[in-house]
Trainee: 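Sharing a structure below in structure tokens format, with a few things to ask.
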Amino acid sequence: MWKDKKICVFGDSIGYGYNNNAHSFVDILSERNVFADVHKNCVSGSTTSTLYARLLESATEMAAADIIYAEYEANDINGLKAGTLTTAQLVTAVRQSVTYIRNSNPTCAIVWLPLTIQHLSKIAGTDLSYYQSWVNAMYPVFAELGINMIPIFDTLNASHASSDGRHPNEAGQNAIADLIMQMPLGTSNYPTALMTEWT
């Protein structure tokens with residue numbers, strides 16, 4: 001199913017491969033040599049609010065992609081907790097980015113990769129109420145805009161944490177790559193299920 005597919009991945013330190021020698025699931029997907037092209041634009045510390053700028057940086061690759069993946073959730077939640085982001089800002093950013101993508105590349109699929117990992121969050125001591133706030137604000141918008149989702153945190157556990165306890169190690173990055181290839185277009189009913197779970 002991946003033959004001749006071009007994909008773009010936009011994300012934060014997890015997509016970059018922080019604490020794993022800059023080797024992430026994006027690089028692993030590229031190394032498997034089954035895609036026509038894998039483009040990586042992942043910058044540590046990025047949030048959903050930076051996605052539009054990243055799309056502009058990679059406009060040519062984005063316009064040619066069959067699937068665009070976005071992975072920003074962990075820093076979104078940190079921003080909510082610190083008061084540097086609001087849910088309204090995140091929702092606006094998603095709408096702006098999706099509008100730009102669909103105007104430039106109307107046939108591509110858009111897939112979100114939620115990455116607040118239950119097991120790693122417990123290690124890091126993250127207040128999960130901010131995760132619930134993110135879910136309540138973002139998932140209805142994803143459903144409205146037809147954004148697919150791949151529940152990446154479902155495939156990770158504590159053994160996939162690198163030495164900082166927050167970022168995936170090599171095994172974790174491989175697990176993410178495996179899941180993406182098993183679920184190329186995500187699962188449309190997942191947001192509703194997750195909202196119910198966290199409520």
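Any value given below was found using the heavy atoms of this structure, including those in side chains, with hydrogens, waters and symmetry copies removed.
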Trainee: Any non-hydrogen side-chain atom of Gln89 less than 4.5 Å from a side-chain atom of Thr92?
Mentor: no

Trainee: Identify the heavy atoms of Ala175 and Thr155 that sit nearest to each other, and give their distance.
Mentor: O-CG2, 3.8 Å

Trainee: If you count the non-hydrogen atoms of other residues, nucleotides and ligands that lie under 6.0 Å from OH in Tyr69, is the total more than 12?
Mentor: yes

Trainee: Run through Asn78, Asn75, Val43, Asp76 and flag the one making a side chain to side chain contact (heavy atoms under 4.5 Å, CB included) with Asp12.
Mentor: Asn75

Trainee: CD1 of Ile147 to CD1 of Ile110: how many Å apart, nearest 0.5 Å?
Mentor: 5.5 Å

Trainee: One pair to check against side chain to side chain contact (heavy atoms under 4.5 Å, CB included): Leu113 and Ile180. What are the steps and the verdict?
Mentor: CA-CA 9 Å; Leu113 308 176; Ile180 288 173; 4.1 Å; yes

Trainee: Is any side-chain heavy atom of Ile7 closer than 4.5 Å to a side-chain heavy atom of Asp37?
Mentor: no

Trainee: Does Thr107 reach the side chain of Asp66, with side-chain heavy atoms less than 4.5 Å apart?
Mentor: no

Trainee: Out of curiosity, Tyr18 OH to Ser162 OG, how far, rounded to the nearest 0.5 Å?
Mentor: 8.5 Å

Trainee: Angle class for the Trp134/Tyr139 ring planes (parallel below 30°, perpendicular above 60°, tilted otherwise)?
Mentor: perpendicular

Trainee: Atom CD of Glu144 and atom CZ of Arg95: how far apart are they, to the nearest 0.5 Å?
Mentor: 4.0 Å

Trainee: Just to verify, which of Thr48, Ile14, Leu51 counts as forming a side chain to side chain contact (heavy atoms under 4.5 Å, CB included) with Glu71?
Mentor: Ile14

Trainee: Verify side chain to side chain contact (heavy atoms under 4.5 Å, CB included) between Cys42 and Val26, making sure each step is shown before the conclusion.
Mentor: CA-CA 9 Å; Cys42 301; Val26 189; 4.3 Å; yes

Trainee: Stepwise, does the side chain to side chain contact (heavy atoms under 4.5 Å, CB included) test hold for Arg102 with Leu145?
Mentor: CA-CA 11 Å; Arg102 291 196 170 138; Leu145 297 178; 4.2 Å; yes

Trainee: Taking the six-membered ring of Phe35 as reference, does the cationic atom of Lys3 (NZ for Lys, CZ for Arg) lie under 6.0 Å from its centre and within 45° of its axis?
Mentor: no

Trainee: Please report the C-alpha distance between Thr50 and Phe10 in whole Å, then the side-chain angles of each, then the deciding distance to 0.1 Å, and finally whether the side chain to side chain contact (heavy atoms under 4.5 Å, CB included) criterion is met.
Mentor: CA-CA 10 Å; Thr50 68; Phe10 299 91; over 6 Å; no

Trainee: Where the side chain of Asp178 meets the backbone of Met181, is there a donor-acceptor pair that is under 3.5 Å apart?
Mentor: no

Trainee: Look at atom CG of Asn21 and say whether more than 12 heavy atoms of other residues, nucleotides or ligands are closer to it than 6.0 Å.
Mentor: no

Trainee: Would you say Ile28 and Trp2 are hydrophobically clustered, going by side-chain heavy atoms of ILVMFWY under 4.5 Å?
Mentor: no

Trainee: With rounding to the nearest 0.5 Å, note down the distance linking CG in Asp27 to CG in Leu29.
Mentor: 9.0 Å

Trainee: For Glu57, check salt bridge (charged side-chain N to carboxylate O under 4.0 Å, His left out) against everything at least two apart and list the hits.
Mentor: Arg54

Trainee: Are Leu56 and Met62 packed together at the side-chain level, in the sense that at least one heavy-atom pair is separated by less than 4.5 angstrom?
Mentor: no

Trainee: How close do Gly15 and Phe25 get, heavy atom to heavy atom, and via which atoms?
Mentor: CA-CE2, 3.7 Å

Trainee: Do His23 and Gln173 pair up side chain to side chain, a donor and an acceptor below 3.5 Å, judged on atom types alone?
Mentor: no

Trainee: Please name all residues satisfying side chain to side chain donor-acceptor pair (under 3.5 Å) with Ser58, sequence neighbours left out, ordered by chain then number.
Mentor: His39, Asn41

Trainee: Could you tell me the separation between the SG atom of Cys108 and the CD1 atom of Ile67, rounded to the nearest 0.5 Å?
Mentor: 9.0 Å

Trainee: Measure the shortest side-chain to side-chain distance between Met149 and Val111 over non-hydrogen atoms and say whether it is less than 4.5 angstrom.
Mentor: no

Trainee: Asn20 and Pro168: which non-hydrogen atoms are nearest, and at how many Å?
Mentor: CB-O, 4.0 Å

Trainee: What is the minimum heavy-atom distance between Met138 and Val94, and which atoms define it?
Mentor: CE-CG2, 3.5 Å

Trainee: Atom CD1 in Ile152, atom CH2 in Trp112: separation rounded to 0.5 Å?
Mentor: 12.0 Å

Trainee: Could you report the tightest heavy-atom contact between Ser104 and Ala63, atom names first, then the distance?
Mentor: O-CB, 4.2 Å

Trainee: Consider only side-chain heavy atoms of I, L, V, M, F, W and Y, link residues closer than 4.5 Å, and tell whether Leu55 and Tyr16 are in one cluster.
Mentor: no

Trainee: Can you give me the closest heavy-atom contact between Asn174 and Arg32, atom names plus distance?
Mentor: OD1-NH2, 3.6 Å

